[in-house]
Amino acid sequence: MQDSLILLVVLPLLLAFLLPVIARYLGNLSGLTGSLLLLFNILLLANAWNSVGYSPKVILLGGFAAPLGIVFYIDKLNMLFAILTTIIALLLWPCRTHNTDVREYVLWLLLLAGCYGVILSGDLFNIYVFYELLAVASYGLVTLPATGASYIAGFRYLMISALGSAFALLGIALIYSFTGSVNIAHLAQIIPDHLHHIWGYSAALLLIIGFGVKAELFPVNFWVAEVYSHADKRVTALLAGVVSKIAVLIILRFIILLFPWQDIFNFLLLLGIIGVIVGEFAAFYAQDLLRLLAFSSIAQSGLVIIAFACATEAGIMAGIALAIHHLLLKPALFLLASHCDRSINDLAGLAKSSPWASALFVILALSLLGVPPLPGFWAKLLLLQSLMAEQYLLLLVLVLLATIVEAAYLFRLFMLFYQRQEMPEQKRITIQGQELYPVITLSGILLLGLFFLPLFMDSLREIAMQTSNIEAYINTVLGKVQHIGEGNI
Amino acid sequence: MSVLDLDHVFFLLIVNIGIAVLWGNRPFVGKILTLLYILEGLSILTSYHVLLSGAVLSSSLTFTVMQQTVQWQLGVSGGFFALITFMAAGLATWFSSGVWARSYAPIRLLHSYMALNVAAMLLLLASNDFLGLFIAWELVSLVSFLIIAINGGRSAKAAYSYILYAFLGAMAILLALIIIWNATNSFSYVEVRHHWSTMSVNRQLIVVLLLITGFGIKMAILPFHRWQAPAYAYVPAPVAAFLGAISSRMGLFALFIVLLQVVGIDVIQTLWLPFEIINMQTFLLWLAALTLIIPTFIALRQTDARLLLAWHGIGQGGFMLLGILSANALGTAGGIMHVFNHASYQAALFFAVFSVSYRTGTADLDRLGGLVTRMPISFTVMLVGIIGLAGLPPMNGFVSKWLIYKALLDEGMPLLFLAAVIGTLGTILSVYKLIHNTFLGQLRLEHENIKEVPWSMSIPMMILASIVFITGYFPGLLLESIAAMQSTLGISVVDYHLGGVNTGKGNLNMIVVVSTMLMAIGMGALIFFVLGNPRKQVTQWDNYAGGHFLTSDMRYQYSHNFYPGLMRVISPLYRNTIFWLESAIVSTVQFMAHISYALFMQANYLLYLILLVVISLLWVLAV
Amino acid sequence: MQRWTTILFLTGLSIVLFAIITPLVLGQSPMLVGKLINASAVNDTGAANLVTAVVLAYRGLDTLGELAILFTAATAIGIILGTTDKTQTTSSPTAGFIVATAAKVLFPLLLVFALYIILHGHLTPGGGFQGGAVLAAAFFLLTLADSGNNIKHKVTQVIEALAGTAFIVLGLVSFALQGVFLQPWLDKGELGSLFSAGSLPLLYLALGLKVGAELANLLSSLANVEK
Amino acid sequence: MNIIILVITVSMLVIAAFYVVWADSFFTVLAASSMVSVGLVLLFVLLRAPDVALTEAVVGVALTGVIYALTLAKIDLWKINDNDDNNDVSQSKQ
C-alpha cells in the first residue's frame with residue numbers, strides 16, 4: 001500500500017509537465033485539475049496512514065536496496081507533514097476565475113512536488129534536489145505580483161537561497177567525500193561515531209546553514225520580511241506555513257540521525273534563541289502588518305528550532321507541536337492580513353468595518369501568543385517543559401521575556417483594531433470575504449482540534465518516539481544489508 | 001459529596017453571558033442580570049454549609065492532558081471569594097441597570113464583559129491544580145483587559161499597561177509552574193505539596209519569588225503597582241466598583257492558596273534570601289507593608305476621587321497580605337476578612353463617588369464641595385464607607401484591621417505594626433480629604449440644582465453600606481467561613497464567636513463594642529435633647545473666613561492644596577523611581593527593536609551569510 | 001568598500017574551507033556505495049556507461065528532480081518575462097554573414113552530434129542532459145544567426161510536455177508492472193550494443209528531448225524572438 | 001605534467017573568478033565567467049569525468065553566457081562600449 005505514496009511526488013510533476021499543453025484546451029478549468037490532484041493525494045495519504053502503523057516503511061526507488069538507490073522513508077512524522085502540506089495547499093490553491101496564467105499552477109504543482117520529495121526522501125542528495133526544486137519554484141512564485149518591490153524581494157530571496165544551497169551542497173560534498181554515501185540511514189551508522197571531528201562538524205554546519213535559509217534560521221533569514229510582505233499572499237502563506245516547517249523538519253532529521261553532538265545542538269540553540277529575540281523585537285518595531293507577521297514567523301521558527309535542538313523525545317514532541325500549530329495558524333493570519341498591506345496605523349477601527357475577520361485575527365493571534373486554553377499554549381507548554389527537562393533555564397527565561405514583547409505588539413495591534421475613533425473613509429481597510437474560506441477552515445481545524453487535545457498529544461508523543469528511534473530508522477531502511485563497509489572509514 | 005453541582009453555577013454563568021451578549025442593549029436586561037447574579041450567589045449560599053464542613057462543590061467539567069486531570073471544584077475558600085464576586089457583580093449590575101444605563105452607550109459591552117469576568121473568576125476560584133489555575137488566570141487577565149479598556153482613550157492606555165504587566169506576571173507563573181513540573185512531574189496541588197521538598201532550596205526560593213511576582217502583579221504589589229490606579233479609575237462606575245472590590249483580590253486568592261495550601265507557611269519561614277540577609281517571610285511582610293504605605297500616601301496626593309480610591313485599593317491589598325503572611329490564626333483571619341470588608345466598603349465608596357460624578361460631571365476633588373444637602377444618601381454611604389476604610393469602629397474594616405494589628409503584635413513584629421499604623425494614618429487623612437472635599441463646605445454655584453441619584457443607583461449603595469455595618473456588628477458571620485477555610489488549609493484556626501474572636505489574652509466582641517457606642521451616642525442624644533436642644537439652626541452659607549465677609553454668591557470651600565504642611569514635609573519622598581525604571585525599560589525595548597529591525601533591513605545581506613559560515617567553520621577548526 | 005569586504009570574506013571562506021579539506025586526499029575517498037555500484041551496475045542495468053546506470057537507474061529520481069528544476073526555472077523565467085511590456089518588442093540584432101553561414105553549416109552537424117550523445121548515453125560518456133543542451137544550442141545558433149528562423153514556441157512546448165510525460169510514464173509503467181517506480185525494465189540486451197540496457201535509452205531520449213526543448217524554449221522567450 | 005596543468009588551470013580559474021567580482025563592464029564579466037567554466041571543463045577532463053566536462057562545456061561555457069547576454073540585452077545593460085552608441089547591441093538595429 002505504502003508504495004503508492006511515490007505517486008505523491010510523481011503525479012504533481014506529471015501534471016506540471018502536461019499542464020501548459022492541457023491548458024490550451026481546458027482554459028480556465030486547468031486550475032481545477034490541480035485541486036483534483038491534491039484531493040487524490042489526500043485520499044492516498046489517508047489510505048496509507050493506517051497501513052504505516054507503528055513500524056515505519058520504506059520505498060525503494062528503482063528497486064535497488066538501500067545504500068545503492070534512493071529510498072523514501074515513510075513514518076508517521078513524514079506522513080503527518082505530507083498530509084498537512086496537502087491540506088494547506090488545497091486550501092491555498094489559487095483558483096482564480098480571471099486572468100489565469102497557467103504557469104502559476106505549474107509552479108504551484110512543482111513547489112508541492114518539491115515539498116513532498118523533501119518530506120519523504122531518505123537520501124541526502126535527493127533531499128537537496130527536491131529542496132532546490134521547491135526553492136526555484138518559490139522564486140518564481142514570489143515575483144508573481146510583478147511589482148518592483150516583489151522583484152527586489154524575489155532577487156534578495158534568490159541570492160540568499162542560492163548561496164545557502166551552495167553551502168548545503170558543499171556540506172553534502174564533504175560528507176560524500178568522507179564517507180562515499182548519501183543515504184541517510186547508511187550515514188547514520190557512520191557519521192555519529194566516525195566523523196565526530198572537524199569534517200563532520202563542518203558538514204553539519206554547512207548543511208544546517210544551507211537548509212536554515214528556508215527554515216528562517218536567524219542570520220540567514222534576511223529575505224523573510226521583504227518576501228512575505230511583497231509576495232502574493234497565498235504564496236506567502238505557503239512559504240511561512242509549510243515550506244519553512246519542512247526545512248525545519250529536515251534539520252531535525254539531520255541532528256537526530258547524522259549529527260547527534262551536543263556542540264551542534266548548542267549551535268542551533270544559540271541561533272534559535274537569537275532568532276526568537278530578534279524576531280520579536282523587529283516585529284515590535286515593524287510598522288506594517290505583513291512585516292509584523294513575517295518577523296513573528298521568524299520568532300516562531302526560532303522556537304521550533306530550539307525545541308528540536310533539545311534533541312530529546314520531549315523536545316521533538318514540542319517542536320512538532322509548535323510546527324504544526326504555526327503551520328496551520330500562520331497561513332490563516334497572512335490571508336486575513338492580505339488586504340492590510342499598509343501601515344498598521346491605517347488599521348485603526350478595523351473591527352467596525354469587518355468585525356468577524358478582526359475577531360478571528362485576534363483569536364488566532366492570541367493562540368500565537370500562547371494564551372491558554374488556545375492550542376498555541378499547549379505547544380508552548382511542551383516547549384518550556386522540554387527546555388526545563390534539559391535545565392536550559394536561561395533559554396526558558398529568554399523565551400518567556402520574548403513572549404512579553406510579543407504580547408506588547410500584538411495587544412497594541414488589537415487595540416488599534418478596536419479603537420473607537422472614526423477613520424476617514426478612504427483610509428479604511430476591510431478584510432474581505434474572498435480569502436475567508438481557507439481561513440475559516442484553518443482556524444476551525446485549530447479550534448476544534450482543541451477538543452481532541454489529549455488524543456492529539458498521545459499521538460504526538462508516539463510520533464516523537466518513532467522519530468527519535470534511530471535504530472528503527474536504520475533497520476527499516478537498510479534491512480538485512482547492515483553495516484556496509486563500515487570498517488573502511 | 002456535594003448537594004449542588006458546580007455545573008449549575010457554570011450553566012447560569014453561560015446563560016448570563018449569553019443574555020448579556022445577545023440582548024445587552026435592552027433596558028430590562030440589567031435587572032435580569034442582577035437577578036441572575038443574585039441567583040448564582042444564592043445557589044452557592046444554599047450549599048454553603050456543605051462547604052463549611054470541608055466538602056467541595058465539584059463540576060463535571062473535566063479534561064485530561066499530559067496525564068494531568070484538570071477539574072474544577074469549589075472549596076470553602078473559593079466559595080467565600082465567589083460570594084464576594086457575585087455580591088460585587090450583582091450590585092454593580094444593579095447600579096447600572098436603571099437610569100444610569102441610558103446615559104452609557106456601550107452598555108452591552110459592559111454587561112458582556114462583566115459576565116465574562118465573573119465567569120473567568122469563578123473558573124479561577126474553582127481551579128484545583130496549577131494547570132487549571134494558570135488557564136483561568138490568563139482568562140481573568142484577558143477579560144480584565146477588556147473591561148478596563150472599555151472606555152477607550154485613557155482607560156485603553158491603562159489597559160495596555162495592565163496587560164503588559166499581566167503578561168509579565170503570567171510568564172513568571174508559567175516559569176514557576178515549569179520548574180515545579182520538572183521537580184514533581186505533576187500540577188496538582190496535593191502532589192506538588194507532597195513532593196515539594198524534592199526541589200533544591202534555590203529552586204524553592206526561585207519558585208516562591210516567581211509566584212509572588214506573578215500573583216502579586218494582579219494585586220499591584222510593590223514594585224509592580226503603577227498600572228492599577230489608572231486602570232481602575234477611568235472606567236464607568238459599575239466597572240470601577242467591581243474591579244476595586246474583587247478583581248485584584250484574585251491575585252490574593254491565588255497567593256493565599258499557593259503560599260498557604262501548596263507551599264505552606266512553614267516552608268516560607270525556612271527559606272532565606274541569598275546570603276541569608278533576610279527571611280522569606282519577613283521579606284514578604286515588609287513588601288506587604290511597603291505596598292500598604294507607599295500607595296496610601298500616593299493616594300493622599302490625588303485630587304481625583306476615583307484615583308484616590310483606586311490607590312487605596314492597592315494599599316489595602318498590602319494590609320490583607322500583611323495579615324495572611326503573619327502566619328497566625330488571627331492574622332490570616334484578619335487578612336481574609338479584610339478581603340470581604342474591603343470589597344464591601346470599596347464598592348460603596350466607588351458608587352458614592354461615581355454618583356457624585358454622575359450628577360456633577362466631575363470627580364475632581366478641587367471642584368466639588370458642599371453636596372451633603374443635595375445628595376444625603378450618597379453622603380451617608382460615603383461616610384459609612386470611609387469609616388470602614390479607615391478601620392474605625394463600628395464598621396467592618398475595624399475588625400479585620402484589629403485582627404491584623406493584634407496578630408503582628410502577637411508575633412513580635414512591632415515595626416510592622418508601626419508600619420500598619422502609619423498606613424492607617426495616611427488612610428484616615430486621605431479619606432477625610434475625600435469626604436470633606438466632596439460633601440462638606442459650601443455648595444458650589446454650578447451645583448445648585450443637583451438632586452440625589454435615582455433609586456436604582458442608591459439602593460445598591462445602601463445595601464453595601466448596611467453590609468459594611470452589619471458585618472462590623474456581627475463579624476462572626478464571616479469568621480465562621482474563615483475558620484472553616486483555615487481548618488481545610490491545615491493552619492491554626494481562629495477561635496471565634498458571633499461578636500468577634502477570643503485571642504486567649506483578650507477578647508474582641510463587636511456586639512459589645514458597637515452596642516456600647518450606639519448606647520453612648522443614644523445617651524448623648526438623649527441628654528442633648530432632654531437638656532432642651534440648645535442649638536442654633538445655621539444654613540450652609542453661614543460662614544466666615546479670616547475676617548473677610550462672604551456673600552452668598554461667593555462660595556467658600558477649602559479644598560485646593562489639602563494638607564499643605566504635611567505635603568511640604570513628605571513631598572520630597574515622592575521620587576517616582578518606579579516610573580523612571582518603567583520608562584527606562586520601555587526605551588531599552590524600543591532601542592533593541594530598532595536595532596533588530598535595522599538588522600533585517602540592511603542591504604548587504606549576503607555578507608552575513610558568508611560571515612556566519614566563516615565564523616562557524618572557524619569555530620569548528622578551533623574546537 | 002562593499003567589494004573589498006566581499007572579497008575579504010570570500011578569501012576568508014576559501015582559506016577556512018581549504019584548511020578543512022586539506023586532509024582529504026584526492027581520489028582516496030572511501031566510496032562505500034561507489035564500490036558496490038561498480039560491482040553490480042552492469043548486472044543490474046546492462047548499461048556499459050556506469051554513469052548512466054547511476055543517473056538513470058540508481059538515482060533516477062534525482063534526474064527526474066533535476067529535470068523538474070530546469071522546467072521550473074524556465075517556467076519562472078517565463079512568468080517574469082511574460083509580465084513585461086509586450087508592446088515594445090526589441091528585435092535582436094542580425095549577425096554578420098560569416099556567422100550566419102557558419103551557423104547553417106554547423107546546424108546539421110550539431111544536430112547529429114546531439115542525437116549521438118543522447119542515443120549513446122548508455123554506452124559512452126554523455127547522455128540526455130548533455131545531448132539536450134547541444135540540441136538546444138544547435139537550434140539557438142540558428143536563431144541567433146538569423147532572427148527570421150523562429151523557434152516555434154508551440155511546437156517546442158508540446159515536445160517538452162510529451163518528453164517529460166514520457167519520462168514519467170516510463171517510470172510509471174514499471175510501477176504498474178513491478179510495483180516499483182523507475183525500475184529499469186525491458187530486456188537488458190547485450191552489453192555494449194546500441195539496443196541494450198532496457199528502458200534506459202528510452203529514458204535518455206525523453207530526457208534529451210525535454211532538456212533540448214526546455215532550453216530552446218527558455219532561450220526563445222529570453223530573446224523574445226517569437227512575436 | 002598533470003600537476004602543472006592542474007595548477008595552471010586552477011590558477012586561471014581563480015583569477016578569472018576574482019575578475020568576475022572586479023570587472024566593471026558586463027561584457028568582461030561574462031567573458032570572465034565563461035573563462036571560469038573553461039577552467040572547470042579542463043579540470044573535469046583532467047579528473048577523468050568526461051560526462052561532467054561535456055555538460056560544463058555546453059551549459060557553462062555556451063548556454064549560460066548566452067542567457068546572461070540575452071538577459072542583459074533585455075534590460076538594456078548590454079553595452080560593449082559606453083562611448084560608442086553604434087556598438088550598443090540592443091540599439092544597433094534601430
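Throughout, a chain's letter reflects where its sequence line sits, starting with A, and its residues are numbered from 1.
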> With a 4.5 angstrom heavy-atom cut-off, which part of C:Val51 approaches chain D: side chain, backbone, both or neither?
Replying inline: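 When you check distances to chain D, only side chain atoms of C:Val51 fall under 4.5 Å.
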
> What residue, out of D:Val59, D:Val52, D:Leu54, has the most heavy-atom pairs lying under 4.5 Å from chain C?
Replying inline: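 Ranked by contacts with chain C, first place is D:Leu54.
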
> Would the number of heavy atoms belonging to other residues, nucleotides or ligands and lying under 6.0 Å from CG of C:Leu109 be above 12?
Replying inline: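 Counting other residues, nucleotides and ligands, CG of C:Leu109 exceeds 12 neighbours.
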
> Do other residues, nucleotides or ligands put more than 12 heavy atoms under 6.0 Å from the CZ atom of C:Phe9?
Replying inline: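 Result for CZ/C:Phe9: enclosed.
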
> Do you know which two heavy atoms are closest between D:Asp51 and C:Gly126, and how far apart they sit?
Replying inline: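 So the two residues come closest at OD2-N, 3.0 Å.
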
